[in-house]
Every structure is written in C-alpha cells, then in structure tokens.
Asks: 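The following block contains the structure, expressed as structure tokens.
Each chain gets a letter, A, B and so on, in the order its sequence line appears, and its residues count up from 1.
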There are 2 protein chains.
Amino acid sequence: MKPFPDSSQDTRQRLLEAAILVFAEKGFDGAGIREIALKAKANSALVQYYFGSKEGLYTAALKFLFEQGPDAVGGLTPPPAPDEPEARSKALASLRNYVRAFLEDLFACRDPEQFSREMHSAVHLFWTREMMEPAPERVDMIRAHIQPHVDYLNACIRALRPDLDEEGQFLMGCSIHAQIMFFHRDMAMIALLRSEAYGARDMDRLATHITDFSIRGLGLGSTLQGV
Amino acid sequence: MKPFPDSSQDTRQRLLEAAILVFAEKGFDGAGIREIALKAKANSALVQYYFGSKEGLYTAALKFLFEQGPDAVGGLTPPPAPDEPEARSKALASLRNYVRAFLEDLFACRDPEQFSREMHSAVHLFWTREMMEPAPERVDMIRAHIQPHVDYLNACIRALRPDLDEEGQFLMGCSIHAQIMFFHRDMAMIALLRSEAYGARDMDRLATHITDFSIRGLGLGSTLQGV
DNA sequence: GAACCTTAATCAATCGTTTGATTGAGGCAA
DNA sequence: TTGCCTCAATCAAACGATTGATTAAGGTTC
C-alpha cells in the first residue's frame, strides 16, 4: 500500500482544482496558498513542490482550463463560407446557435461531463479576470483560447455581410460578443437594477433577444418601424 | 511658514487622489496603504487618522468620485417624452449624443477640468472593478451613480419603442450599454486580436458604429439587405 | 493651552516560501 | 526472504518580508 492512497497525480489535481475555485472567487492577490491547500486537503508546501510558486500554480490552472475546460464552440457545426449555397440562412442559424451555446456555457446550463457545476461557473470568472488584465507571460495562451470563438463569429459575419471590409466585420463581432459577455459579467449590476438576476431559466429569452438584436444590428432582418 | 504648505485638507486630498490611482490600478487587495501614502507624499498612518481604515479610504475614494468625478450624462440635453412632438427624431439624437458622451468619458477624451487625464481614466477602472463585484455596503452608492445613465438611456428607448414592455426595453438598454462598456473594459483583449488598440482618435468610428448598430438593433433605421 | 496635524517606531497578523524530517513504495544484492 | 538503499511524496515548523493598524511623541496653528 502507498502511504497516501493514489497520491501523486491525485494530490496535484486536487490542488489544481481547488486553485481554480479560489482564484476564480478571489483573484490572484485575494487568494492565499493556505486557503487553496486547505480546500484541497493538502499541505501548502506542495504548491512549491508541484508548481514552483503561486504564480506557477495560477498559470498551471489557466493552462489546465485551456486544455480541459468547457468549449462552447467545439460542439457547433461550422459556419458556412460566403460563397456556399444558402450561405445567409445557414449563417443565421450558426449565429443563433453560437449565441445560445456561448450563453449556456457562461451560465453553466449544460450537463456537467467532467466538471462540476461549481467548477464550470468558476471557469468563466477565472477567464474574465484574465481577459480584462492579461499578464504578458500568458497572452499567447489567452489568444489561443479565444481564437476559435472569434473565428467562428467572424465566419458568420463574413457570410452575412460579405460587403463589409475587415474592420467593419470586426466591429460587428465586437458588438455581438459585448452583449453575450455583458449578461455574464454584469449580472451583479443587473440584479441591482431589476432586484432579480437572470439565471439559467431565462436563457431562452436572453439568447433570443441578443440574436434578434444582433441580426437587426447587422443590417438584416425586418425593420419593425420606419424612421 | 508651515512645514508643509497648506497641509491638512491638502494632505487628505492627496491621499484620496493617490488612493484612486492605486486602487484603480491594483484593486483593493493588490494596493497597499504604504504605496498609496508614498505616492501622496504622506505618512501611511494618516490613512487611519483621516479615514479610519483602508476600507474607509476606499469608500471615501468611491464617494469622492461619485460626487466630484466626471459625469457623462450631466451635460446632455434630456431625452424627450414619448408623447412629445418629434419624439423619435429627438430621441435618436439623444441616443447618439449619449453613446458619444459616454465613450468620450470612458476614453478620457474631454478637456480635463479638475481631473488630470491620468485621474480621469483611472476613475473608470475604479468603477469597473466596483460594478463587477459590488460590496454590500456600497451598493446604494453604486446604484445612485449609475441610475442617471440608466434613466437617460431608458428614456431614449421609451421614446423610440413605446410599444415594448418594460422588460423588453430593459434588454434593449443592456444591449446598448454592453457595447459601450465592451470597448472600455476589453480593450486589452481587442489589442491582442488587432495588434493595435483603439484610442481617442478612433472615437468617431466607434461611436458611429455603436449608435448605428444599436438603432438598427432597436428595430429602427434602414435595413441594408433583406433576408 | 487646546485642538489639530504629522511623524517615526512598532504592533500582531498574514503572506509566499524554504527547510529538514518522515513516510512507504520499489530496486537490488546476498 | 532479508537487509539496504534510493526516491518521490508529504508534513509541520519556521523563515523573512509585508500587510493594515496602533501608539506615543512632537509640531503647528489659533
């Protein structure tokens, strides 16, 4: 028998997962190694043993999420090329699916496969922090993580508005992504104004609103009222 | 001669302004009162003397910004009531001005009156942190600060789409605010994707894009292409 | 002299990190 | 099998640095 059953990899993993939860909740400065180790039921010195430093643990956690974390884009059918037949209607469907999948991912609506629901929602808190203030030594990792999202949305926009130049399409993508992320990051603020936060139950309403607003914003769809 | 000319109020003020800059840059946990005091050329014990605690300094800084800080909405002509003659065209102009003013405020484009440009841009970093994770003891202050913005935008939307119910109008406001704030908070991310960040020079382009996208998103404006 | 302001020195607590010791599994020779 | 060694894994304890907070003393102004 081993002294500590199935130690090694298991303990390292427990530290990693505890780190994700605590870092997500309190940020890098706010989180303490002792607190992480306590949650992982491990000794705090093991952080140095396995990851070299607190910074190393943070980077390892981010890398783990990058490789193992939930991927909203992965399960979607790829958007059509601009010259494909019926590109526009296909792209509209892709856009609608994308908004829906991204939102479900952010709100941790989907069935937990390898991640608990608690982990799942912590992942995005983690990413949000890192995306707002990217550390120079982690920009490549971050870019690689968001690139599929950007590419997917860009392909939709290219099929829907091939007449726009690259910058125009980029701005359209910003407007759409802005809305999706707003409902995740500013939910505390929304709850302050509505006295009730949106949750998993309101996913349909939110996804429909964002998609419809964006389709009209792209210059497509029906105009309800003239100027 | 005084040992330090015009100390008292002046020293308190220097501490307050230094606190805003440092808190904005590093957050509450990341900032240290020694660093703040050093930047203010004051003794760190004065934080306890004037503000009681680090927490008190933070709250005082937030309160100072709330009372003295830049106000994008203040200088704008109020949006029209829905039954006012030519309400729609007036509301469109109000919306356009609002987006422009808000963006200029976020990017610290406007002439510094009492705030340096450094201060001005720090203000919004400060607010962004607080709005994403509002502390229970400060929610009233925060609500009071953002209420004018919400009210102004809501009034515009009410005049443009009086047919929508309250929730529908609220969601519209979210979509518009989301875009404005995206270009402020996620600029680091945008710079990562474009290898160049938007700055004060691109204000026209950004304001025009957001406004046009939003007007179409609201169901108004011209549809460039049918489905 | 009373009220206010400023200072250096110091407090206990906590931080990330380092250390030295202990555990038991696995390898190897006798 | 027995005895000895190596090694990764884990631990409690302590490190120096830094944190926010407190104190006592002295200075300035009225």
Asks: What is the distance, rounded to the nearest whole Å, between atom OH of B/Tyr49 and atom P of D/dT22?
Replies: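 Rounded to the whole Å, the gap is 15 Å.
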Asks: Any side-chain N or O of A/Thr11 under 4.0 Å from OP1/OP2 of D/dT10?
Replies: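 Checking A/Thr11 against D/dT10: at least one side-chain N or O falls below 4.0 Å of OP1 or OP2.
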Asks: Rounded to whole Å, how long is the line connecting atom OH of A/Tyr50 with atom C1' of C/dT17?
Replies: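 Checked: the OH to C1' distance equals 18 Å.
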Asks: Rounded to whole angstroms, how far apart are CZ on A/Phe51 and C1' on D/dA9?
Replies: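 In whole Å, D/dA9 C1' lies 14 Å from A/Phe51 CZ.
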Asks: In whole Å, I'd like the distance from the OH atom of B/Tyr58 to the C1' atom of D/dG20.
Replies: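 For the pair B/Tyr58 OH and D/dG20 C1', the rounded distance is 17 Å.
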Asks: Tell me: NZ of B/Lys54 to P of C/dA13, nearest whole Å?
Replies: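 One finds 18 Å between P of C/dA13 and NZ of B/Lys54, rounded.
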Asks: Touch check for A/Ala37, heavy atoms < 4.0 angstrom, all strands: base, sugar-phosphate only, or nothing?
Replies: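 Result for A/Ala37 = nothing.
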Asks: Please confirm whether B/Arg129 makes a cation-pi placement over B/Phe28, using NZ or CZ under 6.0 Å from the six-membered ring centre and within 45° of the ring normal.
Replies: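 Geometry flag: not set, cation outside 6.0 Å or 45°.
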Asks: Regarding A/Tyr58 and A/Glu130, is there a side-chain donor-to-acceptor distance under 3.5 Å anywhere?
Replies: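 Side chains of A/Tyr58 and A/Glu130: pair found under 3.5 Å.
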Asks: From C-beta outward on B/Leu46, which listed nucleotide comes closest to its side chain: D/dA14, D/dA21, C/dT6?
Replies: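 The answer is C/dT6, which lies nearest to the side chain.
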Asks: For the base of D/dA12, is there a side-chain donor-acceptor partner from A/Asn43 under 3.5 Å away?
Replies: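 For A/Asn43, whose side chain was compared with the base of D/dA12, there is a donor-acceptor pair (under 3.5 Å).
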Asks: Considering heavy-atom distances to DNA chain C, does A/Gly30 or A/Ala45 have its closest nucleotide positioned more toward the 5' end?
Replies: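 Its nearest nucleotide being more 5', the pick is A/Gly30.
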Asks: Can you confirm whether or not the ring centre of B/Phe182 sits under 6.0 Å from the ring centre of A/His177?
Replies: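 No, too far apart.
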Asks: Provide, to the nearest angstrom, the distance between the CG atom belonging to B/Leu15 and the P atom belonging to D/dA21.
Replies: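 Between P of D/dA21 and CG of B/Leu15: 14 Å.
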Asks: Can a cation-pi geometry be assigned to B/Arg201 and B/Tyr198, taking NZ or CZ under 6.0 Å from the six-membered ring centre and within 45° of the ring axis?
Replies: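 Judged by the rule (NZ or CZ under 6.0 Å from the ring centre, within 45° of its axis), B/Arg201 is not positioned above B/Tyr198.
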Asks: From CD of A/Glu55 over to C1' of C/dG16, roughly how many Å is that when rounded to an integer?
Replies: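 So the two atoms are 12 Å apart, to the nearest Å.
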Asks: Roughly how many Å is it from CD in B/Gln48 to C1' in C/dA9, rounded to a whole number?
Replies: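 For the pair B/Gln48 CD and C/dA9 C1', the rounded distance is 15 Å.
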